[in-house]
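Numbers here simply count residues along the sequence, with the first being 1.
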Amino acid sequence: MASSPMTSSSQSPRPARPNLAFRRLRGQRSPGEFAAAVRRAAREIDEQVSCDARYIGRVEAGEIRCPNYAYERVFLHMFPGRTLTDLGFVPRSAVRGRGARTFEEAPDPRTTSPTYAPHETDGAYEPYDTTYGSHEPNDRYDPHEIDDQNHEESDVQRRAFMSGGTATVAAASLGPIGLAFSGAAVAADRSVRRAGEAEAGALEEAVRKIRLLDDRHGADGLYRRASTPLRTAYALLDAGAARQTTAERLHTGAGELAISVGWLAHDSGRFEDARSHYAEALATARVAGDPALEAHAFCNTSFLARDAGRPREAVRAAQAAQFAARPLGSARLLSLLSLREAGGWAGLADRRGCEQALTRAQALYGRGPCDADPEWMSFYGDAELAGLEAQCWSTLGDWSRAAHQARRATRLQDPHFTRNLALYTAELADDLARAGHPDEAAAAGLRVLDLLDEVQSSRVQTMLAGTARVLLPHRRASGVSDFLDRHGALPRPA
């Protein structure tokens, strides 16, 4: 019987050693209860981890020998005074790099290539890495093991990303399971193997990586490379899975990837492409009977409809999203969907409908986060709430109120989310310009220009262009000339 190229090896894998120390720390709590405690501890220190019972089980089974940096900070916060070794993990140096393996432990050569490597080294993810390092042969892929809180990328890495590193998103994120292959290649491989846990997990990781890079740098550079992996992901989905649970994960992963690619198109001004991707995600949700994915797809469809000048569609899509989301138990999700509805009402110039939706959104947001909040909503916090409210007031022409909320958003925004910081500041500049404060608008516009070395977003650039047009008659005001000159010197999009 032919073995899978993803699991075969010339060496028998070393059996994982159960992490008994970690199991003792869990005590009488179930894995699900303990996972919820981990997520609560993460929120206490402003970390973001997507811990669930499966992750806890894998830690206790010894499959995760060393957690990534985000989980490490959370675990040490939960158990002060203890080290990773006290928690039953091995030192990070033992699982990273060439020193982590002896000659006898060398993996099959096929697993060291980007095409066949089953996973990245647990806990070693760097957002801009373009090479594949050594891997423990018995460490299975883990979608949770992503260090998305690494703020210390070098300037060299950042320049590599901005100049061409986006090309590695598909390869680095999807290549480990062969999703960088063409759809035909996947179809030809159907008779050999069907999709398994590793494929589903790597698909989930790819979605996380794309979101991370979008948060930091905007969509323009990413979109050009993300569509091909999406087609291949759907080819894998069509190839089928051996288990129903895996099939469900593949459906959800492919749908979430479609939404992520749709958002990249949306944010870079390719509205028709975005509409197609969101529709594909919605169809996937309906086929799979996945209300969470359906709510997410309708949420983005509403946002797109608002931006494309179809406010009534924005309202209806937001209401459909709320209908799908109500059984999920997430007040924060319903809050965001109410804001989407408010944006539609604002586009219809229905101030009363907008205010009612805003009031509902604020009340739901005030209930706080919970374990049912979707992972993709990590961007939705105080800053996003204020930013979306600012957009509503701006659409209604209440510039002063819009500027107040946009200023709040810029103050509340975590600087780690560079793209959103640029977006809120651009909103502030435009609102101030239209409210009759050209000097303050120019100052905000200059701050946005300072961020454009890191952010590539057609949305932000379009907003700046509008602000520049409003400020043209005020060139003599303090700072306006500087802003207009710098904005005029920007390279024009191709």
Side-chain angles (χ1 to χ4, degrees), residues 13-97 99-101 105 118-126 135-152 197-198 200-202 204-205 208 212 245 249 329-330 332 368-375 377-378:
R14 232 174 14 189
R17 296 180 180 178
N19 187 336
L20 301 180
F22 197 88
R23 173 62 186 89
R24 285 192 292 270
L25 290 170
R26 175 161 66 86
Q28 297 301 313
R29 288 174 287 187
S30 70
E33 291 170 336
F34 192 69
V38 172
R39 295 193 297 271
R40 285 193 295 271
R43 290 195 291 267
E44 291 172 2
I45 59 173
D46 294 324
E47 277 292 358
Q48 295 172 5
V49 298
S50 52
C51 188
D52 56 17
R54 176 176 171 270
Y55 178 88
I56 298 301
R58 296 193 59 237
V59 170
E60 293 178 358
E63 294 178 14
I64 297 174
R65 303 174 61 210
C66 185
N68 70 21
Y69 292 111
Y71 275 103
E72 176 181 351
R73 287 189 285 269
V74 174
F75 291 151
L76 297 184
H77 171 68
M78 293 178 69
F79 305 106
R82 288 183 168 91
T83 65
L84 283 181
T85 304
D86 296 332
L87 301 181
F89 296 108
V90 301
R92 194 170 302 282
S93 60
V95 295
R96 294 192 68 169
R101 180 185 290 106
E105 293 174 307
H119 60 84
E120 293 180 85
T121 303
D122 283 345
Y125 165 64
E126 304 291 343
H135 306 291
E136 280 293 325
N138 65 313
D139 281 352
R140 289 187 175 273
Y141 166 80
D142 178 26
H144 302 277
E145 294 303 278
I146 306 170
D147 185 11
D148 59 1
Q149 297 296 324
N150 179 9
H151 307 298
E152 300 177 359
E197 291 293 313
E204 292 161 353
E205 182 189 17
R208 293 187 182 102
L212 172 66
T245 54
R249 289 178 63 194
S330 170
R332 283 284 168 93
C370 70
D371 296 336
D373 295 340
E375 180 184 345
M377 283 186 60
S378 59

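- Remark: C51 SG to R40 CZ distance equals 11.0 Å, nearest 0.5 Å.
- P374 places a side-chain heavy atom less than 4.5 Å from the side chain of S330.
- A pairwise comparison of heavy atoms in H77 and P80 identifies O-CD, 3.6 Å as the closest pair.
- With rounding to the nearest 0.5 angstrom, the CZ atom of R82 is 5.0 Å from the CG atom of L25.
- In terms of the side chain to side chain contact (heavy atoms under 4.5 Å, CB included) criterion, residue partners of A53 (sequence neighbours excluded) are, by chain and number, P31.
- Between the side chain of E33 and the backbone N or O of S30 there is at least one donor-acceptor pair closer than 3.5 Å.
- Ring-plane geometry between F34 and F79 is classed as parallel, the angle between the planes falling under 30 degrees on a 0 to 90 degree scale with a further cut at 60.
- We find the OH-CG distance between Y55 and D52 to be 10.0 Å, quoted to the nearest 0.5 Å.
- Comment: D371 engages R43 in a salt bridge, judged by a side-chain N to carboxylate O separation of less than 4.0 angstrom.
- Contact check for L84 versus P67: side-chain heavy atoms found under the 4.5 Å cut-off.
- Classified by interplanar angle (parallel below 30°, tilted 30° to 60°, perpendicular above 60°), the ring pair F75/F22 is perpendicular.
- Remark: L87 CG to R24 CZ distance equals 11.0 Å, nearest 0.5 Å.
- Summarising the geometry of A41 relative to V74, their closest heavy-atom pair is CB-CG1, 3.9 Å, with the distance given to 0.1 Å.
- In terms of heavy atoms, P369 sits closest to R332 at CD-NH2, 3.7 Å.
- Atoms CG and OG1, on L76 and T83 in that order, are 8.0 Å from each other to the nearest 0.5 Å.
- With a 4.5 Å cut-off on side-chain heavy atoms, V59 and Y71 do not count as touching.
- For the atom pair CD (E63) and CG (N19), the distance works out to 12.0 Å, reported to the nearest 0.5 Å.
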